[in-house]
Amino acid sequence: MSDKEKLYEGKAKILYKGSRPNTIIQYFKDDATAFNNVKKGTIAGKGIINNKITELVMTRLGQIGIATHFIERLSDREQLCHAVQIIPLEVIVRNTVAGTMAKKFGIEEGTRLSRPIIEFSLKDDALGDPIIPENHILALEITTDEEMIEILETTAKINDFLRGLFAGIGLELIDFKLEYGRFNGEDGEQYLVLADEFSPDNCRLWDFETREKMDKDRFRRDLGGEVEAYQEVARRLGISLETEDK
Ligand code: C5P
């Protein structure tokens with residue numbers, strides 16, 4: 001990777017300049033962090049699994065008409081994407097109470113919600129990614145009104161689709177995080193597209209029958225078996241983890 005121009009190194013991914021204009025390469029690392037970088041470790045092979053799961057999810061979402069930044073997977077750990085201007089929001093969807101919501105309201109984890117919640121956090125590590133209400137986002141001009149409407153509609157559609165996709169392989173989609181970006185089309189128009197990744201690093205997936213956690217909570221909570229859990233999610237999605245790199 002040394003011949004590629006590094007644009008940014010995050011906690012789980014490195015971004016390089018792509019070979020074509022206005023593209024980037026997402027390189028998926030095995031590094032895992034939690035609680036805003038307080039807990040650090042690695043999950044062996046995670047980068048390969050998350051690259052392939054993200055490819056599958058982005059491709060399927062593209063097939064139902066959701067615009068994404070994803071172009072193609074290049075190798076075990078790399079994927080080519082359109083360069084976008086990331087909107088600095090974490091868009092969080094909750095179908096079932098878990099994590100910070102369970103803690104904040106003292107509600108038992110696993111309590112199913114009567115309807116999904118979409119909430120936002122400001123992407124700012126120094127501030128600890130604080131929750132930000134919609135009226136703050138609009139007043140601070142982090143998005144336009146039109147973008148907010150599109151984010152809410154697209155996110156609801158993604159949730160409906162992904163809940164079904166994971167239910168079909170015996171997994172309950174408890175919650176997840178999305179990021180969106182602005183993409184400058186060749187027609188001079190700006191489009192909202194789904195960016196970043198979708199993997200067990202940024203969602204919660206529980207086995208429907210056993211309610212066993214199959215996501216990053218295994219790492220966050222020292223439950224062990226994180227490699228096996230990520231591999232099992234990939235296996236159920238029909239993803240081969242055989243290396244394709246030479
Ligand atoms: O932390 P919390 O319980 O609110 O997380 C809700 C969902 O959003 C989880 O699936 C978690 O993995 C994801 N998330 C994330 N990145 C963050 C915060 C939350 O992927 N910075």
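In listed order, ligands and their atoms are each counted from 1. None of the values given here were measured: they were computed from a predicted structure.
The nearest heavy-atom contact from the protein to atom 19 (C) of ligand 1 is Ile92 CD1, 4.1 Å. Looking only at protein heavy atoms, the nearest one to atom 1 (O) of ligand 1 is Thr100 CG2, 3.4 Å. The nearest protein atom to atom 20 (O) of ligand 1, hydrogens excluded, is given as Asn202 CB, 2.8 Å; this is a heavy-atom distance. With hydrogens left out, the protein atom closest to atom 8 (O) of ligand 1 is Lys177 CB, 3.7 Å, a heavy atom.
Put simply, Phe176 and Trp206 are part of two different groups of oily side chains (I, L, V, M, F, W, Y) that touch within less than 4.5 Å, one to the next. No path of Ile, Leu, Val, Met, Phe, Trp and Tyr side chains, each step under 4.5 Å between heavy atoms, connects Leu15 with Met58, placing them in separate hydrophobic clusters. In the hydrophobic clustering of ILVMFWY residues, with side-chain heavy atoms under 4.5 Å counting as a link, Phe105 and Ile131 come out apart.
Using a 4.0 Å heavy-atom cutoff, Asn36 is absent from the residues neighbouring ligand 1. The closest approach between Lys123 and ligand 1 stays at or above 4.0 Å for every heavy atom of the residue.
Residue Glu119 has no nitrogen or oxygen atom sitting less than 3.5 Å from a nitrogen or oxygen atom of ligand 1, judged on distance alone.
The option from Leu178, Asp175, Leu173 that lies nearest to atom 10 (O) of ligand 1, judged by heavy atoms, is Asp175. Which of Arg204, Arg220, Lys104 comes nearest to atom 3 (O) of ligand 1 through a heavy atom is settled by distance: it is Arg204.
No part of Lys216 comes within 4.0 Å of ligand 1, judged by heavy-atom distances.
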Between Gln79 and Ile71, is a side chain to side chain contact (heavy atoms under 4.5 Å, CB included) present by the stated rule, with each step listed?
CA-CA 7 Å; Gln79 55 180 244; Ile71 301 172; over 6 Å; no
Check step by step if side chain to side chain contact (heavy atoms under 4.5 Å, CB included) holds for Thr155 and Tyr180.
CA-CA 10 Å; Thr155 301; Tyr180 287 91; 2.7 Å; yes
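Close approach to Gly99 involves these atoms of ligand 1, each under 4.0 Å from a residue heavy atom: 3 (O). Per-residue contacts place Glu90 under 4.0 angstrom from the following atoms of ligand 1 (heavy atoms of the residue considered): 17 (C), 18 (C), 21 (N). Near Asp129, the atoms of ligand 1 lying under 4.0 angstrom from a non-hydrogen atom of the residue are 21 (N).
Ionic pairing of Arg20 and Glu72 is present here: one or more N-O contacts between side-chain nitrogen and carboxylate oxygen are shorter than 4.0 angstrom.
Panel note: side chain Asn95, backbone Leu113; no donor-acceptor pair is recorded below 3.5 Å. In this structure, Arg218 contributes its side chain and Lys213 its backbone to a donor-acceptor pair below 3.5 Å. Side-chain N or O atoms of Arg77 include one that pairs as donor or acceptor with a backbone N or O of Phe28 at under 3.5 Å.
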